[in-house]
A.B. asks: 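One structure, pasted below without further comment.
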Amino acid sequence: MSTNKSNVTLTGLARRFVDDSLLEEATAKDAFIQASNNKIPLITYLAQNNLADSRGMAFSAAMEFGVSVLDLSVFMPEMMPEKIVDEKLIRKHNALPLFKRGNRLFIAVSDPTNIQALDEIKFNTGLSTDAILVDDARLREAIDKYLESQETTMGNLDDDELDGVETESGDTDDEPGAVSTSDVDDAPIVKYVNKMLLDAIRGGASDVHFEPYEKTYRVRYRTDGILKEMSRPSIKLAPKIAARIKIMAQLDISERRVPQDGRIKMKLSKTKAIDFRVNTLPTLWGEKIVLRILDPSQAKLGIDALGYEEVQKKLFMDALDQPQGMILVTGPTGSGKTVSLYTGLNILNTPERNISTAEDPAEINLEGVNQVNVNNRVGLGFAEALRAFLRQDPDIIMVGEIRDLETANIAIKAAQTGHLVLSTLHTNSAAETLTRMMNMGVPSFNIATSVSLIIAQRLGRRLCNGCKQAGDVPKDVLLEEGFTEAQIETGFTLYHPKGCDKCNMGYKGRVGIYEVVKITEQLASMIMEEASSIKIAKQAQAEGFRNLRQSALEKVMQGVTSLEEANRVTKD
């Protein structure tokens, strides 16, 4: 049944909104009729259809009824009472429980005339209810956050995939008194932790952070190199979450005073398993736990998926094809060194070759490769492992990291005596890798005759192909950023991140940015003369080897990444 607009007389809130110039009279009458027909409050109808400013309506309603307006931004979801009001009631009445004092429950509403909401909540909870007036737009946002928080805290985790998930410790040796995961198989906390780990895998995260604070607890994922908050469970769950993860990794749940390291294997199916490297750290308010996701499939992506330019790819493949020599991969933590090394090992992994690796710890399991975890506590360091490898008839040796002179000398000796050696150093560029080895005390002659290739790398975020947008940048800015006149004249399109529902702030996935330098005769001569890293870098560029900055700008010109991202990962 419809109502004629000319027959409507505005009273109450509708009249107040017109008098306060929030609405035209005709619009107010039409909204009044539509809200009545749809059986929803006038304020809700106006806010949903963007017919009036929700903040202005809140203040007008406050003046009309002589009450105060509360700023909902000061309330966090975890501060609100959990599961005290059914979700259907919250959605139906656009009403949110804020806090409870004794037998009184205080409810946030945007429409002070909505007496039905208070009555129904009072009936369902058995508590007296008091209304608190808030901005409708803020209220809807707060309701979404609150309900999402309830779901991810312990709520409806009816995920079919959770039923088929199995977890086990990365260590197969059960310690006496170790707690079995079967002891807590039916606990809701198990489903919550499994869901967090599964969501991290689905979202392409590299790390999961479980972080306790004084009054809050948060879970963050590192995706494409950037940390993002994903969940805020109740702080009361912190000890249970920590205990569950430590049980999965077969760590000592009674020891909370020192860091511990462990490993979890999550079997997603008969053919798919993901490993997690686990580290616990005692902090002021409890144990922070970080899980590094180790996906073996990353090592089998193939060299074409890593982002090498054709010339760089050929240099890498040629070095892998050599019977002896040393390939060094360098860069900061999280720059993808392990994936580059394992991509190379995967190419070399044939039945005719004996491959041994020493790592701290082994991050990716590779069938056909003899992997050793170094353990300095029992006297098995990189140097000791390398000495053992040389008595094991090796063809290829991979050393997780060259940290000291002893390890460097043994690795170089292996590279000079008919073995291909792959390793990493924590330096910023190819030239600095060479001078770092000199500073360790390695004779320059040994460096020049053993090192065949150096790869310095970073990981940059890929622009989302679905939403990236072209933009103009002035020529003088491009020159200042490092583009050449010739590059600018050839013409290229710069793209910027925008953001859509299929990406993460305009980016989706990551791409490697590389400096690949082959040790030529000229560079070998400079090494033996103990030239500085600046001179070596200039000579490498003179011979046509792109540095990291030039490689990043090339990715910008190709539309793979943005100039902002290139600056983030390569600009000094």
Side-chain angles (χ1 to χ4, degrees), residues 1-77 79-80 85-101 104-125 127-148:
M1 182 177 174
S2 60
T3 305
N4 192 321
K5 193 187 302 185
S6 60
N7 297 330
V8 173
T9 302
L10 294 177
T11 59
L13 278 178
R15 171 51 57 191
R16 182 82 195 198
F17 293 158
V18 172
D19 291 345
D20 288 348
S21 301
L22 289 170
L23 286 172
E24 295 290 336
E25 185 147 350
T27 306
K29 287 182 177 181
D30 187 59
F32 181 83
I33 294 168
Q34 294 299 328
S36 299
N37 291 341
N38 293 322
K39 296 181 179 178
I40 61 174
L42 174 64
I43 288 180
T44 301
Y45 179 83
L46 292 170
Q48 287 178 349
N49 291 278
N50 296 316
L51 295 174
D53 175 59
S54 62
R55 181 177 171 81
M57 286 192 291
F59 281 103
S60 281
M63 292 295 291
E64 180 71 13
F65 289 90
V67 295
S68 301
V69 177
L70 178 70
D71 183 2
L72 262 184
S73 64
V74 302
F75 272 84
M76 299 296 287
M79 296 168 61
M80 300 171 188
V85 179
D86 186 77
E87 178 182 346
K88 290 180 181 177
L89 278 180
I90 292 173
R91 293 287 190 197
K92 176 183 176 182
H93 294 299
N94 204 34
L96 180 64
L98 287 180
F99 55 91
K100 179 175 171 281
R101 283 186 187 159
R104 302 187 75 80
L105 183 63
F106 293 84
I107 309 290
V109 294
S110 59
D111 186 354
T113 65
N114 192 1
I115 306 300
Q116 184 187 357
L118 300 178
D119 289 343
E120 276 199 51
I121 292 173
K122 180 179 179 179
F123 178 78
N124 277 269
T125 62
L127 299 171
S128 298
T129 53
D130 287 303
I132 295 178
L133 190 60
V134 297
D135 176 345
D136 188 85
R138 287 282 177 88
L139 177 59
R140 281 182 284 161
E141 288 174 10
I143 287 173
D144 288 340
K145 277 188 180 180
Y146 174 78
L147 294 176
E148 182 182 343

A.B. asks: Compare every heavy atom of Leu105 with every heavy atom of Val85, then report the nearest pair and how far apart it is.
C.D. replies: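 Looks like CG2-CD2, 3.9 Å.
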A.B. asks: Looking at Arg15 and Glu25, does any basic side-chain N land under 4.0 Å from a carboxylate oxygen?
C.D. replies: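 So Arg15 pairs with Glu25 through a salt bridge.
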A.B. asks: Identify the two heavy atoms, one from Ile132 and one from Phe99, that lie closest to each other, and give their separation to 0.1 Å.
C.D. replies: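 Result for this residue pair: CD1-CE2, 4.0 Å.
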A.B. asks: Supply the atom-to-atom distance Leu133 CG to Ser110 OG, rounded to the nearest 0.5 angstrom.
C.D. replies: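 Leu133 atom CG to Ser110 atom OG measures 7.5 Å (nearest 0.5 Å).
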A.B. asks: In Å, rounded to the nearest 0.5 Å, how long is the span from CE of Met57 to CG of Asp111?
C.D. replies: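 The CE atom of Met57 sits 9.5 Å away from the CG atom of Asp111.
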A.B. asks: Please lay out, stage by stage, how Asn94 and Asp136 fare under the test side-chain contact (heavy atoms from CB on, under 4.5 Å).
C.D. replies: CA-CA 9 Å; Asn94 204 34; Asp136 188 85; 3.1 Å; yes
A.B. asks: In Å and rounded to the nearest 0.5 Å, what is the CG to CD1 distance from Leu89 to Ile107?
C.D. replies: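 With rounding to 0.5 Å, CG (Leu89) is 9.5 Å from CD1 (Ile107).
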A.B. asks: What is the minimum heavy-atom distance between Val134 and Leu70, and which atoms define it?
C.D. replies: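 Result for this residue pair: CG1-O, 3.6 Å.
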A.B. asks: Enter the distance from Ser60:OG to Leu22:CG here, rounded to the nearest 0.5 Å.
C.D. replies: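 Between atom OG of Ser60 and atom CG of Leu22 there are 4.5 Å.
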A.B. asks: Under the side-chain contact (heavy atoms from CB on, under 4.5 Å) criterion, do Phe59 and Asp20 qualify, and how do the steps go?
C.D. replies: CA-CA 10 Å; Phe59 281 103; Asp20 288 348; over 6 Å; no
A.B. asks: How long is the gap from CZ on Phe17 to CG on Leu23, to the nearest 0.5 Å?
C.D. replies: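 One gets 7.5 Å once the value is rounded to the nearest 0.5 Å.
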A.B. asks: Look up atom CD in Gln116 and atom CD1 in Ile121, then write down how far apart they are to the nearest 0.5 Å.
C.D. replies: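 Atom-to-atom, Gln116:CD and Ile121:CD1 are 10.5 Å apart.
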A.B. asks: Could you walk me through whether Lys100 and Phe106 pass the side-chain contact (heavy atoms from CB on, under 4.5 Å) test, one step at a time?
C.D. replies: CA-CA 6 Å; Lys100 179 175 171 281; Phe106 293 84; over 6 Å; no
A.B. asks: Can any side-chain N or O of Asn124 pair as donor or acceptor with the backbone N or O of Glu120 at less than 3.5 Å?
C.D. replies: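 Flag set: sc Asn124 to bb Glu120 pair under 3.5 Å.
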A.B. asks: Mind running side-chain contact (heavy atoms from CB on, under 4.5 Å) on Lys122 and Leu127 for me, showing each step along the way?
C.D. replies: CA-CA 5 Å; Lys122 180 179 179 179; Leu127 299 171; over 6 Å; no
